[in-house]
There are 2 protein chains.
Amino acid sequence: MNMTNPEDLRNDADNETSDLSKARLRAWLQVLKVSRKIEGELREKMRLEFGSTLPRFDVMAALYRSRDGMRMSELSSALMVSNGNVTGIVDRLVADGMIVRVPVENDRRASIVRLTPDGEKDFAERALVHEGWVSELFSDLSANDADALIRILRTISHHNEAPHD
Amino acid sequence: MNMTNPEDLRNDADNETSDLSKARLRAWLQVLKVSRKIEGELREKMRLEFGSTLPRFDVMAALYRSRDGMRMSELSSALMVSNGNVTGIVDRLVADGMIVRVPVENDRRASIVRLTPDGEKDFAERALVHEGWVSELFSDLSANDADALIRILRTISHHNEAPHD
DNA sequence: TACAGATATTTCAAACTCAAAATATTTATG
DNA sequence: CATAAATATTTTGAGTTTGAAATATCTGTA
């Protein structure tokens, strides 16, 4: 545990917790609240406007950024979900013709997943609409606050960092 | 859509999106990333240390704050999840002896859910440990940044506000 | 080459989640 | 009072999610 803050250094053999600890807990609960609220709004819009879901969109977004495709394990670590989870979502996207599985040369355990032309076209359109939704949901967020928010959240996500950001 | 920011007022008959819009999208993706990461960490700790889950903890936390109990509909709106979802979690917590359903006087449609003495005891212990986990995961977050984070996130969650915060 | 361990993915069971439909009950209106 | 509308909750079906086990394949070492 990082003990750089004076609040954390006092004697606490009892169960009392510090003000700082409580402030951090409040901050986490607020992150959770915003995250759930925005996710809920986006999920509903995806369903009504696109007849699709958030997990499908997330997978396609990752593949759109990596035009050469990604392995299943790359996908699951990029999205921070389990391997088994990605399998199911990919299965359904393949059935929908949005993506394809391509065997990997020299490694028959792995396969690479990539967008089909249809998938690319669909995603490109939807990504613009999606960005508009987010911008509207965040319309009270100024450029300065957006930067501050990103900076603060990065300090958190860099703590106990997995390989890279 | 809130059109108070100059960036949003320019002509954009084409699909180009503003820098501010992109900054907000980045901010949202960072919120999502931190939220997933912290949730994953907490879920694992809950499982290993408590043999329990995050949704169960959330329900018990809500009930701990409302000692007189809550209706199912109050629970689902407090946790921002669907009614049907709460039913399943409550069923399992009842089976575990952590909570009970109490009929509501004069309204046989509704029932009130409240912690049992065992549930209260269990939650009280776990809440302290949980706060410690969060504080450690957020240990790079200063008091100032915690306050800034809460303030910024509140401006977002107040946008298109449901009844209260 | 044989084979132990590592790696990539899928399968599996249980839990979570949603939205819509179904059920039960209460309230309001004629 | 009758009953339509509203409310509270559960049920249902599909999809998502996890963690563990199973499967298939690859790699390094003897």
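The figures here come from the full heavy-atom set of this structure, side chains too, leaving out hydrogens, waters and symmetry mates. This structure is a prediction, so every number in the text was calculated from the model and none was measured. In what follows, chains carry the letters A, B, and so on, assigned in the order in which the sequence lines appear, proteins first and then strands, with residues in each chain numbered from 1.
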Asks: When you check the gap from the basic side-chain N to the acidic O, do B/Asp122 and B/Arg126 get nearer than 4.0 Å?
Replies: yes
Asks: It should be established whether A/Asn85 places a side-chain nitrogen or oxygen under 4.0 Å from OP1 or OP2 of nucleotide D/dT16.
Replies: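 No, because none of the side-chain N or O atoms of A/Asn85 sits under 4.0 Å from OP1 or OP2 of D/dT16.
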Asks: Strictly below 4.0 Å: does A/Arg47 bring a side-chain N or O up to OP1 or OP2 of D/dG15?
Replies: no
Asks: Have a look at A/Thr116 and tell me which of A/Val94, A/Asp96, A/Val100 forms a side-chain contact (heavy atoms from CB on, under 4.5 Å) with it.
Replies: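 Of the listed options, the one satisfying the test is A/Val100.
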Asks: Taking the six-membered ring for Trp, are B/Phe50 and B/Trp133 closer than 6.0 Å centroid to centroid?
Replies: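 Ring centroids of B/Phe50 and B/Trp133 are less than 6.0 Å from each other.
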Asks: What is the distance from atom CE of A/Met60 to atom CG of A/Leu93, rounded to the nearest 0.5 Å?
Replies: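 Between atom CE of A/Met60 and atom CG of A/Leu93 there are 6.5 Å.
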Asks: Round to the nearest Å and state the distance from B/Leu75 atom CG to D/dT10 atom C1'.
Replies: 15 Å
Asks: Starting from the 5' end of DNA chain D, give me the residue, B/Arg43 or B/Ile112, whose nearest nucleotide shows up first.
Replies: B/Ile112
Asks: Which listed nucleotide (D/dT18, C/dC16, C/dT9) is nearest to the side chain of A/Val81?
Replies: D/dT18
Asks: What nucleic acid atoms does A/Gly88 come within less than 4.0 Å of, heavy atoms only: base, sugar-phosphate, or nothing?
Replies: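 Counting heavy atoms under 4.0 Å across all strands, no contact is made by A/Gly88.
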Asks: Using the closest heavy atom to pick a nucleotide of DNA chain C for each, name whichever of A/Ser111 or B/Gly84 lands nearer the 5' end.
Replies: A/Ser111
Asks: What integer distance in Å separates A/Asn83:CG from D/dA21:P?
Replies: 16 Å
Asks: Between C/dT25, D/dT9, C/dC16, which one does the side chain of B/Arg109 approach most closely?
Replies: C/dT25
Asks: Side chain of A/Asp107 only, please: which of C/dA8, D/dT17, D/dT18 is the nearest?
Replies: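 Minimum distance to the A/Asp107 side chain belongs to C/dA8.
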Asks: So, is A/Arg56 near the phosphate of D/dT16, with a side-chain N or O under 4.0 Å from OP1 or OP2?
Replies: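 For D/dT16, OP1/OP2 do have a side-chain N/O of A/Arg56 under 4.0 Å.
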Asks: Round to a whole Å and report the spacing from CG of B/Leu42 to P of D/dT17.
Replies: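 Whole-Å distance recorded here is 18 Å.
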Asks: One thing to verify: whether A/Arg24 and B/Glu136 come together as a salt bridge, which I'm taking to mean a side-chain N less than 4.0 angstrom from a carboxylate O.
Replies: no
Asks: Has A/Arg108 got a side-chain N or O lying under 4.0 Å from the OP1 or OP2 atom of D/dA24?
Replies: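 Looking at the OP1 and OP2 atoms of D/dA24, neither is under 4.0 Å from any side-chain N or O of A/Arg108.
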Asks: In whole Å, I'd like the distance from the CE atom of B/Met72 to the P atom of C/dT25.
Replies: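 About 17 Å, once rounded to whole Å.
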Asks: Can you tell me the distance, in whole Å, between the CD atom of A/Glu39 and the P atom of D/dT16?
Replies: 13 Å
Asks: Mind checking B/Ile89 for me? I need base, sugar-phosphate or nothing, with any heavy atom below 4.0 Å counting as a touch.
Replies: sugar-phosphate
Asks: Grab the CG-C1' distance between A/Leu93 and D/dG15 for me, whole Å please.
Replies: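 In whole Å, D/dG15 C1' lies 12 Å from A/Leu93 CG.
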Asks: For a quick test of reading the model: is some side-chain N or O of B/Arg71 closer than 4.0 Å to OP1 or OP2 of D/dT10?
Replies: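 B/Arg71 to D/dT10 OP1/OP2: no side-chain N or O under 4.0 Å.
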Asks: Once you apply a heavy-atom cut-off of 4.0 Å, does A/Arg101 come out as touching a base, just sugar-phosphate, or nothing?
Replies: sugar-phosphate
Asks: Roughly, in whole Å, what's the span from CD in B/Glu41 to P in D/dT18?
Replies: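 After rounding, the reported distance stands at 13 Å.
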Asks: Does the pair B/Arg36/A/Asp58 count as a salt bridge with the N-to-O cut at 4.0 Å?
Replies: yes
Asks: Across the strands shown, which category fits B/Ser73 at heavy-atom distances under 4.0 angstrom: base, sugar-phosphate, nothing?
Replies: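 Sugar-phosphate only.
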Asks: Ignoring backbone atoms, establish whether B/Thr53 has a side-chain N or O less than 4.0 Å from OP1 or OP2 of C/dC16.
Replies: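 Indeed, a polar side-chain atom of B/Thr53 lies that close.
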Asks: Just the rounded figure in Å: distance from C1' of D/dT18 to CG of B/Leu48.
Replies: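 Checked: the CG to C1' distance equals 13 Å.
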